[in-house]
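Worksheet: one structure, shown below.
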Amino acid sequence: MSTIDQAAPPADTTKRVPGHVIYRRVLAERTSYALAAAGMAVGPQLDDSAWSYLASGGIGLGTLAWLYAKTKDAEPLSMLTRAQRAIPFLTAPGTYVANLITPGFNWWEVVAPAAWASLMGWMAPLTRSAGLVLELTEHQAQHGAGPGEPLTYTEFLAAKWQQATGDGTRLVSITPFRADRPDFEAVVVAQAGKAVPTFTEVQLAAAFDFPVGTVKMRPMQGSGPGRMRLVARPTSEDVEAVAEGIRGLWETAVAAPGKAAPGVELLDYRAEPHRIVLLVASPPGKEIHLPHTAICSAFGIDDPSRLVIETDGIRQGVVSIYKTNPLMKVRKATVEDLTMDDKGRVTIGVCHDGKPARMRLWDPSQGALRGITAGVTGAGKSVLQNLILAAEKRSGVVSWVGDVQGGMSLPEAEGRVDWFAKGPVETLLMLTAAHAVMKYRERISNEMGRGDFALNRPWPLVNITLDEINRLLSHPDEAMRKATAYLIADIQKTGRKVGIGIRLAVQSLHLKDLGDDDAIRQQGKVGALFLMRTASSSTKEMGLDGIAPAGFQMENIPARIYENGQIEALFSGKDDEDGESTAGMAYMFLDGRAKFMRTFFAEKVDGVYPDLIALYGDEPANGLTEGEAKAAQAGAAIYGVRHTNPYADCDTLAQAFSDAPGSTPAAGTPAPDADGDGDEAPAPFEAPFGIPFGDGGPDIGEEPGLQDQILDLLADGPKSLKQLREALPSFQPSSVSNACTQLKSKGLAKSFKRGHWQLADS
């Protein structure tokens, strides 16, 4: 039989005492040497009688007699210990006698005792020969063993094991699981040619003073019996033991006939501190099918975000089971995250397994990309869009943003992108201008004999973001609805090769949110698709075919998650606000894979995200080349005044829509050179589908007295648009913007920089 007691040496002559006891004994010994040295220097000068010779000589001879008696039959180790203890009592009398027999006073009679005291103090032979060993405590493991003897937690654990088991084994490769907990794993190594003894659970727990059953010893993969893996988890769950239980649970509750996934075999598993990873496979010839809800039920999981399923679309899959939601806390983004690499990728968040969540702003082999983000209000679409837009600005991309909700969805982007279109009318005009730029690039590329887009040679990448576009695709005005669908679909189809990408943000992927246009949905799914929390838990009608791996099933992300589960929170009567919001959590579909991820954290303050605003940087927004700007202006006359809040500029919008259909060439058709610079000017704007100005645009009427009040405020000095709105709370913000623009057209006010107004005669 093998026990800890049997593994210990047969005799242990050491004495374990607290660190302060050892420190005090050494201090007392060294003090006695200092006092003795003073006596050896002064005594011979005061008394050199025969009694002095007899006393010093007697001490020396007596010590020799004691040493002989103790060592004549002793073992070598015992002989060395006795000799060590005799050193001070032999050398001190010798030094004293040397001082006695020397006539008069010599300088070395002081130096010799001082040197003796220094040597003895350094050696401390009496304390060292006592066999005192430091008694280890948790306090010493955290704060050090004593003066000059720091002790780390891993050293403390190794010493505790050595103290409990002796020299038969060693504890090496000690790795704590967390810095704030005592849990750790290590390797137990036996002496060469011997196996690691078998220890009981009680003996293992006693070695570290941990609760019984929390310390386990397991075989090491690839090693023989001379090495064993030791796992100590006094404060956390033994995930490997849980994983072993899950193997049996999988076979009985998941893979058995009539259960969640009949026939799907568990091939292997890997246990991590907060995650258990299962490798599974369907029978040969069968396509893998892993129903998310049924497997959650089999494992007793009431928070579906704790179970993540990924498959290869054929017969193998990976099931990740988490103790708590892995994306409960996510850090903030940095400039480095949002800087595009040579593959066109930026990092926008974290995947469930801790890997960075990357997406492409463009693909060097394919050109510009399309994409769709679906999620209800509060799901995190705004943070995701802002992260992408900030990344585009940091990476030299020209960003055009259409906020159909009148600028309320993405206020952080205003003034930080090349074009921030507010409302349905201006967004439609922006799409018209983008379409004209696309046709211009197509014509020039055809003349140059080019078939694909090259970044910044000669044009920058242009990405169009359309937020809440479902409002425009389902607009009550049929002409606007058809024009929007046509422009989006055409840019999706042909913009890729000329470097114009387009992303849509909608409430869901249902066709009703995309104007009943399946072509828009299919084209948008080709790029990056983010599916966040939606209003419906059903994904069957969202058209995930073609992008989700075969066998993939996804349950809707809940609005809030709870550390101990939603059912426990409901049973205990906790308030809904006690849970953690899931804003930012999404399934990201890229390259035929579905990744569960969460965007970087951003805190909202007074209705905006200051962290995201800072990520945009202070540099001017990236813009078009000169030729493209002319094409955009010809496509929509509003392009030239896009930075002066055209959402409220009724005159400009009315003029943009005033051209009668058919009176000008189609958008993108070459027109005569107007400025004589030799460049062919693009065609002017033609209202698509004969859209009349009206529904969806701002009101033309003036608020009574508003303009006079603005003039009174500007009389005190220049004001920002924000200051004017705060000073006029009884008026709508759009009405204040509209009045400022009308004062400008009357020559009474002017904008000296974006968003700042002053009197015209200032």
Side-chain angles (χ1 to χ4, degrees), residues 340 342-344 359-372 388-389 391-393 395-402 417-419 421 427-466 483-504 519-520 522-528 621-636 639 642 665-671 679-686 688:
M340 184 170 63
D342 55 359
K343 296 182 180 179
M359 65 163 290
R360 294 183 187 271
L361 299 182
W362 81 297
D363 191 331
S365 62
Q366 298 184 24
L369 299 174
R370 293 90 81 187
I372 298 180
I388 297 174
L389 292 171
E392 290 178 349
K393 188 171 184 292
S395 305
V397 181
V398 178
S399 300
W400 284 10
V401 179
V417 296
D418 185 54
W419 190 345
T427 299
L428 181 53
L429 287 171
M430 185 187 71
L431 281 171
T432 306
H435 192 266
V437 173
M438 183 183 73
K439 295 300 181 182
Y440 167 79
R441 287 188 175 188
E442 287 179 355
R443 178 171 60 83
I444 300 300
S445 295
N446 184 57
E447 293 174 356
M448 297 172 62
R450 300 182 60 164
D452 289 313
F453 172 73
L455 187 64
N456 298 321
R457 299 197 307 269
W459 305 301
L461 175 67
V462 176
N463 278 341
I464 304 167
T465 300
L466 302 176
T484 302
Y486 165 76
L487 292 171
I488 291 176
D490 202 35
I491 293 173
Q492 283 180 328
K493 292 175 185 176
T494 59
R496 174 180 63 84
K497 288 193 173 184
V498 292
I500 299 180
I502 186 168
R503 290 190 306 271
L504 312 179
I520 292 178
Q522 295 301 327
Q523 288 290 334
K525 293 189 304 182
V526 174
N622 308 298
L624 301 175
T625 62
E626 184 178 355
E628 295 174 293
K630 291 181 180 180
Q633 180 66 24
Y639 177 77
R642 66 192 184 282
T669 305
D679 293 334
E680 194 176 59
F685 165 76
E686 176 185 2

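FYI, side chains are in, hydrogens and waters are out, and symmetry mates aren't considered; it's all heavy atoms of this structure.
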(message) Suppose we screen for salt bridge (Lys or Arg N to Asp or Glu O under 4.0 Å). Which residues come up paired with Arg441, at least two apart in sequence or across chains?
(response) Glu628

(request) For this output row, return yes or no: ring centroids of Phe453 and Trp459 closer than 6.0 angstrom. (result) no

(request) Evaluate side chain to side chain contact (heavy atoms under 4.5 Å, CB included) for Glu392 paired with Asp418, printing each intermediate quantity in order. (result) CA-CA 11 Å; Glu392 290 178 349; Asp418 185 54; over 6 Å; no

(message) With heavy-atom distances below 4.5 Å as the criterion, would you say the side chains of Pro460 and Thr625 are in contact?
(response) yes

(message) So which atom in Gly501 and which in Ala368 form the shortest heavy-atom distance, rounded to 0.1 Å?
(response) N-CB, 3.4 Å

(message) Quick check against the 3.5 Å criterion: does Asn463 have a side-chain atom that pairs as donor or acceptor with the backbone of Ser399?
(response) no

(request) Find the distance between CG (Leu431) and CG (Leu466) and round it off to the nearest 0.5 Å. (result) 5.0 Å

(message) Check whether Tyr440 forms a cation-pi arrangement with Arg443 (NZ or CZ under 6.0 Å from the six-membered ring centre, at most 45° off the ring normal).
(response) no

(message) Walk me through whether Val437 and Ile500 qualify under side chain to side chain contact (heavy atoms under 4.5 Å, CB included).
(response) CA-CA 9 Å; Val437 173; Ile500 299 180; 4.2 Å; yes

(request) Kindly write out the residues that satisfy side chain to side chain contact (heavy atoms under 4.5 Å, CB included) with Pro364, not counting sequence neighbours, or none if the list is empty. (result) Arg360, Trp362

(message) Any non-hydrogen side-chain atom of Ile464 less than 4.5 Å from a side-chain atom of Met430?
(response) yes

(request) First locate atom CE of Met359, then atom CD1 of Ile388, and finally report the distance between them rounded to the nearest 0.5 Å. (result) 4.0 Å

(request) Give the minimum heavy-atom separation between Ala433 and Trp419, together with the two atoms involved. (result) CB-CZ3, 3.7 Å

(request) Kindly write out the residues that satisfy salt bridge (Lys or Arg N to Asp or Glu O under 4.0 Å) with Asp490, not counting sequence neighbours, or none if the list is empty. (result) Lys439

(request) Measure the CE-CD1 distance between Met438 and Ile491 for me, rounded to the nearest 0.5 Å. (result) 5.5 Å

(request) Go through the steps to decide whether Leu487 and Leu428 satisfy the test side chain to side chain contact (heavy atoms under 4.5 Å, CB included), and finish with yes or no. (result) CA-CA 9 Å; Leu487 292 171; Leu428 181 53; 3.8 Å; yes

(request) Of all the heavy-atom pairs spanning Ala436 and Ala631, show the shortest one and how long it is. (result) CB-O, 3.5 Å

(request) Take Leu624 and Trp400, measure what side chain to side chain contact (heavy atoms under 4.5 Å, CB included) needs, and give me the verdict at the end. (result) CA-CA 11 Å; Leu624 301 175; Trp400 284 10; 3.5 Å; yes

(request) To the nearest 0.5 Å, tell me how far Leu361 CG sits from Leu461 CG. (result) 7.5 Å

(request) Calculate, to the nearest 0.5 Å, the distance between atoms CD1 and CD1 belonging to Ile372 and Ile502 respectively. (result) 10.0 Å

(request) Look up atom CD in Gln492 and atom CG in Leu504, then write down how far apart they are to the nearest 0.5 Å. (result) 5.5 Å

